[in-house]
Amino acid sequence: MSKNFFDKCYNLISKIPKGKVTTYKEVATALNSKGYRAVGNAMNKNPNAPIVPCHRVVASTGKIGGYAFGTKKKIELLRKEGIKIEEGRIQDLKKYLVSSKELKRR
DNA sequence: TATTTGACCAAGA
DNA sequence: ATCTTGGCCAAAT
(Lines give C-alpha, C1' and ligand atoms only; values in the text may rest on other atoms or scores of the structure.)
Protein backbone atom coordinates (compact mmCIF):
# COMPACT_ATOMS: atom_id res chain seq x y z
CA MET A 1 0.00 0.00 0.00
CA SER A 2 1.08 3.53 -0.62
CA LYS A 3 1.16 5.87 2.28
CA ASN A 4 3.86 8.38 1.57
CA PHE A 5 4.06 10.88 -1.23
CA PHE A 6 6.70 9.01 -3.17
CA ASP A 7 4.81 5.73 -3.25
CA LYS A 8 1.68 7.48 -4.39
CA CYS A 9 3.64 8.91 -7.26
CA TYR A 10 4.84 5.49 -8.29
CA ASN A 11 1.35 4.08 -8.16
CA LEU A 12 -0.08 6.73 -10.43
CA ILE A 13 2.76 6.55 -12.88
CA SER A 14 2.35 2.82 -13.17
CA LYS A 15 -1.06 3.41 -14.73
CA ILE A 16 0.27 5.31 -17.71
CA PRO A 17 -0.18 3.14 -20.78
CA LYS A 18 2.53 2.62 -23.33
CA GLY A 19 2.62 5.32 -25.95
CA LYS A 20 1.26 7.95 -23.60
CA VAL A 21 2.85 10.36 -21.15
CA THR A 22 2.02 12.66 -18.29
CA THR A 23 3.75 15.58 -16.63
CA TYR A 24 5.19 16.20 -13.20
CA LYS A 25 2.48 18.73 -12.68
CA GLU A 26 -0.37 16.39 -13.58
CA VAL A 27 0.93 13.81 -11.15
CA ALA A 28 1.14 16.38 -8.37
CA THR A 29 -2.34 17.63 -9.18
CA ALA A 30 -3.71 14.12 -9.07
CA LEU A 31 -2.38 13.96 -5.53
CA ASN A 32 -4.08 17.26 -4.70
CA SER A 33 -0.72 18.89 -4.36
CA LYS A 34 1.43 21.52 -6.00
CA GLY A 35 4.59 19.62 -5.33
CA TYR A 36 5.71 19.30 -8.91
CA ARG A 37 9.30 19.30 -7.81
CA ALA A 38 8.72 16.68 -5.19
CA VAL A 39 7.41 14.40 -7.93
CA GLY A 40 10.67 14.85 -9.78
CA ASN A 41 12.54 14.00 -6.62
CA ALA A 42 10.57 10.82 -6.26
CA MET A 43 11.63 9.73 -9.72
CA ASN A 44 15.24 10.61 -9.21
CA LYS A 45 15.78 9.08 -5.81
CA ASN A 46 13.95 5.85 -6.20
CA PRO A 47 13.32 5.18 -9.85
CA ASN A 48 12.02 1.69 -9.01
CA ALA A 49 13.75 1.31 -12.28
CA PRO A 50 12.21 -1.37 -14.46
CA ILE A 51 9.00 -1.60 -12.47
CA VAL A 52 7.69 1.92 -12.86
CA PRO A 53 7.72 3.54 -16.31
CA CYS A 54 9.12 6.81 -15.05
CA HIS A 55 10.29 7.70 -18.55
CA ARG A 56 6.67 8.53 -19.35
CA VAL A 57 6.74 11.55 -17.08
CA VAL A 58 7.86 14.72 -18.84
CA ALA A 59 7.87 18.45 -18.24
CA SER A 60 4.68 20.38 -18.89
CA THR A 61 6.54 22.63 -21.30
CA GLY A 62 7.01 19.71 -23.65
CA LYS A 63 10.65 19.34 -22.79
CA ILE A 64 11.78 15.93 -21.71
CA GLY A 65 13.00 16.55 -18.20
CA GLY A 66 15.59 14.36 -16.57
CA TYR A 67 16.18 10.69 -16.24
CA ALA A 68 18.26 8.67 -13.82
CA PHE A 69 19.90 6.76 -16.67
CA GLY A 70 20.34 9.79 -18.89
CA THR A 71 17.93 11.96 -20.80
CA LYS A 72 19.07 10.45 -24.06
CA LYS A 73 17.94 7.05 -22.91
CA LYS A 74 14.60 8.48 -21.92
CA ILE A 75 14.11 9.94 -25.37
CA GLU A 76 14.94 6.66 -27.00
CA LEU A 77 12.41 4.82 -24.88
CA LEU A 78 9.69 7.33 -25.69
CA ARG A 79 10.45 7.20 -29.39
CA LYS A 80 10.24 3.46 -29.23
CA GLU A 81 6.70 3.87 -27.92
CA GLY A 82 5.73 6.03 -30.88
CA ILE A 83 6.19 9.50 -29.45
CA LYS A 84 7.73 12.11 -31.70
CA ILE A 85 10.56 14.13 -30.22
CA GLU A 86 12.65 16.78 -31.94
CA GLU A 87 15.34 18.98 -30.50
CA GLY A 88 14.71 17.48 -27.09
CA ARG A 89 11.09 18.43 -27.17
CA ILE A 90 7.85 16.53 -27.57
CA GLN A 91 6.07 17.66 -30.68
CA ASP A 92 2.42 17.28 -29.81
CA LEU A 93 2.28 16.82 -26.08
CA LYS A 94 -1.47 17.28 -25.83
CA LYS A 95 -1.97 14.33 -28.05
CA TYR A 96 -0.21 11.90 -25.72
CA LEU A 97 -1.00 13.49 -22.39
CA VAL A 98 -2.75 11.62 -19.62
CA SER A 99 -4.55 14.16 -17.44
CA SER A 100 -4.64 14.27 -13.67
CA LYS A 101 -8.29 13.26 -13.82
CA GLU A 102 -7.47 10.14 -15.70
CA LEU A 103 -4.72 9.36 -13.22
CA LYS A 104 -7.08 9.81 -10.32
CA ARG A 105 -9.77 7.47 -11.50
CA ARG A 106 -9.14 3.83 -10.89
C1' DT B 1 14.49 22.37 14.21
C1' DA B 2 16.47 24.90 10.13
C1' DT B 3 18.45 24.89 5.72
C1' DT B 4 19.38 23.04 1.29
C1' DT B 5 18.33 20.53 -2.80
C1' DG B 6 16.04 19.09 -6.98
C1' DA B 7 14.07 14.74 -13.33
C1' DC B 8 9.34 21.63 -11.95
C1' DC B 9 6.20 25.60 -13.49
C1' DA B 10 4.15 30.02 -14.98
C1' DA B 11 4.74 34.62 -15.69
C1' DG B 12 7.47 38.42 -17.56
C1' DA B 13 10.28 43.85 -13.61
C1' DA C 1 11.30 32.15 -29.25
C1' DT C 2 14.59 32.05 -25.26
C1' DC C 3 16.25 33.22 -20.55
C1' DT C 4 15.42 34.72 -15.77
C1' DT C 5 12.90 34.89 -11.57
C1' DG C 6 10.15 33.73 -7.76
C1' DG C 7 7.38 30.26 -5.92
C1' DC C 8 6.12 25.42 -5.05
C1' DC C 9 6.61 20.81 -2.12
C1' DA C 10 8.61 16.70 0.18
C1' DA C 11 13.15 14.56 1.56
C1' DA C 12 17.63 14.68 2.80
C1' DT C 13 21.33 17.01 5.45
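Just so it is clear: chains get the letters A, B, ... in the order the sequence lines come, proteins before strands, and each one is counted from 1.
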Residue from A:Lys18, A:Lys20, A:Arg56 passing side-chain hydrogen bond (donor to acceptor under 3.5 Å, both in side chains) with A:Glu81: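 Answer to the side-chain hydrogen bond (donor to acceptor under 3.5 Å, both in side chains) test with A:Glu81 among A:Lys18, A:Lys20, A:Arg56: A:Arg56.
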Watson-Crick or G-U wobble partner for B:dT4, using a 3.5 Å limit on both distances?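 Pairing partner: C:dA11.
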Write down the partner of C:dC3 under the Watson-Crick or G-U wobble criteria, each distance required to be under 3.5 Å.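 Because both required distances fall under 3.5 Å, C:dC3 counts as paired with B:dG12.
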Side chain of A:Lys15, backbone of A:Leu103: donor and acceptor closer than 3.5 Å?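 Yes; at least one donor-acceptor contact below 3.5 Å.
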Check: A:Tyr36 side chain, A:Ala59 main-chain N or O, donor-acceptor pair, under 3.5 Å: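 No, the answer is negative, given that no donor and acceptor are paired below the 3.5 Å cut-off.
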Tell me: [atom1] of [X] to [atom2] of [N], nearest whole Å?
X: A:Asn48; N: B:dA7; atom1: CG; atom2: P; result: 16 Å
X: A:Leu78; N: B:dA7; atom1: CG; atom2: P; result: 17 Å
X: A:Glu26; N: C:dC8; atom1: CD; atom2: C1'; result: 16 Å
X: A:Lys3; N: C:dA10; atom1: NZ; atom2: C1'; result: 15 Å
X: A:Asn41; N: C:dT13; atom1: CG; atom2: C1'; result: 13 Å
X: A:Tyr10; N: B:dA7; atom1: OH; atom2: P; result: 12 Å
X: A:Asn46; N: C:dA10; atom1: CG; atom2: C1'; result: 14 Å
X: A:Asp7; N: C:dA10; atom1: CG; atom2: P; result: 15 Å

Classify the side chain of A:Tyr24 and the base of B:dA7 as holding, or not holding, a donor-acceptor pair under 3.5 Å.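 Under the 3.5 Å cut-off, the side chain and the base do form a donor-acceptor pair.
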Hey, does the side chain of A:Lys63 come within less than 4.0 Å of B:dC9's phosphate (OP1/OP2), counting only N and O?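 For B:dC9, neither OP1 nor OP2 has a side-chain N or O of A:Lys63 closer than 4.0 Å.
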Is the shortest side-chain N/O distance from A:Ser60 to OP1 or OP2 of B:dC8 below 4.0 Å?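 For A:Ser60, the contact criterion (side-chain N or O under 4.0 Å from OP1 or OP2 of B:dC8) is not met.
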Do other residues, nucleotides or ligands put more than 12 heavy atoms under 6.0 Å from the NZ atom of A:Lys73?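 Not buried by this count: 12 neighbours or fewer within 6.0 Å.
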Given [options], identify the nucleotide with an atom nearest to the side chain of [X].
X: A:Thr23; options: C:dT2, B:dC9, B:dA7; answer: B:dC9
X: A:Lys25; options: B:dC9, C:dA11, B:dA7; answer: B:dC9
X: A:Ala59; options: B:dA7, C:dC9, B:dC9; answer: B:dC9
X: A:Tyr36; options: C:dA11, B:dA7, B:dC9; answer: B:dC9

Taking the nucleotide of DNA chain C with the closest heavy atom to each, which residue, A:Arg89 or A:Lys34, is nearer the 5' end?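 Comparing both residues, the 5'-ward one is A:Arg89.
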Of A:Arg37 and A:Lys45, whose closest DNA chain C nucleotide lies nearer the 5' terminus?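 This one resolves to A:Arg37.
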With rounding to the nearest 0.5 Å, note down the distance linking CG in A:Leu31 to NZ in A:Lys8.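 Result: 6.5 Å between the selected atoms.
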Base, sugar-phosphate or nothing for A:Ala28? Non-hydrogen atoms, less than 4.0 Å.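 A:Ala28: no heavy atom of the nucleic acid under 4.0 Å.
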With a 4.0 Å cut-off on heavy atoms, is A:Gly66 in touch with a base, just the backbone sugar-phosphate, or nothing at all?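 The residue A:Gly66 makes base contact.
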Between A:Asp92, A:Leu93, A:Ile90, which is the residue that forms a side chain to side chain contact (heavy atoms under 4.5 Å, CB included) with A:Ile83?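 Filter result, single survivor: A:Ile90.
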